Amino acid sequence: MVELRILRNETERVIAGYKKRNLPEEQIALIAQIIAKDDLRKSVQSQMDIELARLNQLAKEIGDLFKTGKKTEAEVLKNEVSAVKEIVKKQEEELASAKTFIEENLIQLPNIPFHLVPAGKSAEDNEVYKQGSGPLPVLAEDALPHWDLAKKYDLFDMELGVKISGSGFILYRNKGARLQRALINFFLDEATKAGYEEIQPPLLVNADSARGTGQLPDKEGQMYFAEKDELYLIPTAEVPVTNMYRDVLLKDEKFSIRLCGYTPCFRREAGSYGAHVKGLNRVHQFDKVELVRIEHPEKSYAVLDEMLSHVEGLLLKLELPYRILRLCGGDMGFTSAMTYDFEVYSAAQKRWLEVSSVSNFESFQANRMKLRYKNEKGDSVLAHTLNGSALALPRIMAALLENHQDGNGIRIPEALRPYTGFDSIR
RNA sequence: GGAGGAAUGGCAGAGUGGUUUAACGCGGCGGUCUUGAAAACCGUUGACUGUAACAGGUCCGGGGGUUCGAAUCCCUCUUCCUCCGCCA
């Protein structure tokens, strides 16, 4: 949720930012309406406070009168109390409706893009921030896409996934299953080396948590929901891990906070079918190691760069051709202020696959979660939150299989061999 | 799933209708003393809202109610603990 304070104090920057996101005019107009409503809220609140102070005063006087036995005088004051209460009741209603208006509309406004975010409408307008070195690999004519490689080497089974669960669920087996486990351990170890605390969170979360990181209300349809217990299956570890710090006031400046977690991720991905979602390209359940940072506002963009380097290091060790995109305003997620996507080139599919998304949310999530710290002056200030995938497994798996095939089998990159226990798949 | 108990400041813990503007203690911060530290002593120490700054208002797990007045009484929800049942 955008801070009302920012809406008020930096209205021009907010509007310019929303234009980068191509927000419709009527949504931009909300800003002025929210501020006006907040003005009203303030004035009603201060009038009501005066009446409440009067009530407190009267209650005290009545108490004193009862003590000294002056019952008739007390009765007179009681009448006055009920008159004041009438007024307060109306003010309360007015206040509640103003607050509701502010809340309901504020939650519909996306995060304000950082000044470096390019303007643009869709994925085509994303900026190539960095192209990995070297030419893109070219494979032999008979190179296979990963779904065929999986069949050839018995690595995972789509049909069994369908049989057991449904379309979009994968059953990994043999060296495929082992490769999954190897990747998870590799990613976790790399995160640990970089100073991240390893977390194993719950996979089902309540509505408060889903709201805290911004999945609710706007992405409700993307999540699986266990109705009987009102719990959501997590779409990413970001949700439970970031919510560790919901309603937290950090005492000393305990920055930087570095957390990582491996979890399965569940996404309904309603409505996405077709060639581009074949094989591992898009599935309902996948594994991912996620990095989460909670940081001082002044440091958050330096931290974002640091996270980019971490993810880049992983791809280099896996010997995968990659590029880094800076997402344009129109393609960026609702809650993000700036996002970098990592894409890996699949030589067999001859296309780029998104394998990681690294974002700075600034105070957007922290505002919803009331995640604050005490600054030197003793004020409570919202912290900044960031997260990034490091990495999501299915497309990494796809790219590994496809790019490292040589006709005789699949070569396992050096860095992964201690984890797989084998150096090739044949 | 059944029965009972509990939820108060960073922690611990009093408080069962009116100077509670929440006691005492621990911890934190500042000071005295000291070469420095410890100990001792003195002072200070919640969040939110609001104001130019005061003032004022709200908050004792959440929500609702009774009352002139609620941490305290009532209803409801949630969570935790104990016992029983079930169980990887």
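It should be emphasised that the depicted structure is a prediction, and the values quoted were computed from it without experimental measurement. Chain letters run A, B, ... following the sequence lines, proteins first, then strands; residues in each count from 1. The basis for the numbers below is simple: all heavy atoms, side chains too, and nothing from hydrogens, waters or symmetry mates.
- Distance noted for atom P between B/A52 and B/C60: 28 Å (whole Å).
- Of the P atoms belonging to B/G18 and B/C74, the separation is 16 Å, rounded to the nearest Å.
- Spacing between atom NZ of A/Lys89 and atom C1' of B/U67 amounts to 16 Å, rounded to whole angstrom units.
- Residue-level contact check: A/Leu52 touches the backbone only, with heavy atoms under 4.0 Å from sugar-phosphate atoms and none from bases.
- The separation between A/Glu51 atom CD and B/G57 atom P is 12 Å, rounded to whole Å.
- In this structure, A/Lys37 and A/Gln33 have side chains that are not in contact, with every pair of non-hydrogen atoms separated by 4.5 Å or more.
- Distances from the side chain of A/Val81 to the nucleotides B/G57, B/C68, B/A47 place B/C68 closest.
- Seen from the ring of A/Phe422, A/Lys175 counts as a face-on cation partner, given the 6.0 Å and 45° thresholds.
- Residue A/Arg372 places at least one side-chain N or O closer than 4.0 Å to OP1 or OP2 of B/C48.
- Taking the ring centroids of A/His296 and A/Tyr373, they lie under the 6.0 Å cut-off.
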Give the intermediate values and the outcome of side chain to side chain donor-acceptor pair (under 3.5 Å) for residues A/Gln108 and A/Glu104. CA-CA 7 Å; A/Gln108 286 182 36; A/Glu104 281 177 355; over 6 Å; no

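- Only the C1' atoms considered, B/G61 is 10 Å distant from B/C80, to the nearest whole Å.
- Nucleotide B/G69 is matched to nothing when pairs are restricted to Watson-Crick or G-U wobble geometry with both distances under 3.5 angstrom.
- In this entry B/C11 has B/G25 as its Watson-Crick or G-U wobble partner, both defining distances falling under 3.5 Å.
- The side chain of A/Asn56 contributes no N or O atom lying less than 4.0 Å from OP1 or OP2 of B/G69.
- Rounded to a whole angstrom, the distance from the P atom of B/A6 to that of B/A14 is 12 Å.
- The gap from the P atom of B/G85 to that of B/A71 amounts to 42 Å, rounded to the nearest Å.
- Along RNA chain B, the nucleotide nearest A/Leu249 and the nucleotide nearest A/Ala53 are compared for position; the residue whose nucleotide lies closer to the 5' end is A/Leu249.
- Among the protein residues, A/Asp64 comes within range of no part of the nucleic acid, since none of its heavy atoms lies under 4.0 Å from any strand.
- Ring pair A/His284/A/Phe169 is tilted by interplanar angle, where 30° to 60° counts as tilted.
- Rounded to whole Å, the C1' atom of B/G5 lies 33 Å from the corresponding atom of B/U21.
- B/A3 is paired with B/U82 under the criterion used here, namely a Watson-Crick or G-U wobble arrangement in which both key atom distances are under 3.5 Å.
- Atom pair A/Arg41:CZ and B/G57:C1' shows a separation of 12 Å (rounding to whole Å applied).
- A/Met48 places its CE atom 16 Å from the P atom of B/G56, with the value rounded to the nearest Å.
- When the P atom of B/U58 is taken as reference, atom CD of A/Gln45 falls 10 Å away, rounded to whole Å.
- In the interface, the side chain of A/Asp49 is paired with the base of B/G56 through a donor and an acceptor atom under 3.5 Å apart.
- Contact annotation for A/Arg54: no contact, since no heavy-atom pair falls under 4.0 Å across all strands.
- Residue contacts for A/Ser380: at a heavy-atom cut-off of 4.0 Å it reaches the sugar-phosphate backbone alone, with no base atom in range.
- If you check every strand for non-hydrogen atoms under 4.0 Å, A/Lys42 touches sugar and phosphate atoms only.
- Look at B/C59: its Watson-Crick or wobble partner, with both distances under 3.5 angstrom, is B/G46.
- Taking the P atom of each, B/G27 and B/U76 are spaced 43 Å apart, rounded to whole Å.
- Side-chain contact between A/Phe342 and A/Leu391 is absent, with no heavy-atom pair separated by less than 4.5 Å.
- The distance between atom NZ of A/Lys374 and atom P of B/G10, rounded to the nearest whole Å, is 10 Å.
- Nucleotide B/A37 has no partner under the Watson-Crick or G-U criteria, as no pair reaches both atom distances under 3.5 Å.
- The CG atom of A/Asn375 sits 12 Å away from the P atom of B/A47 (whole-angstrom rounding).
- Heavy-atom distances to RNA chain B give each of A/Leu58 and A/Ile50 a nearest nucleotide, and the one nearer the 5′ end belongs to A/Ile50.
- Separating the C1' atom of B/C54 from that of B/G43 is a span of 24 Å, rounded to the nearest Å.
- Distance A/Asp379 CG to B/A47 C1': 13 Å, rounded to the nearest Å.
- Residues A/Asn79 and A/Glu75 have side chains that never bring a donor and an acceptor to within less than 3.5 angstrom of each other.
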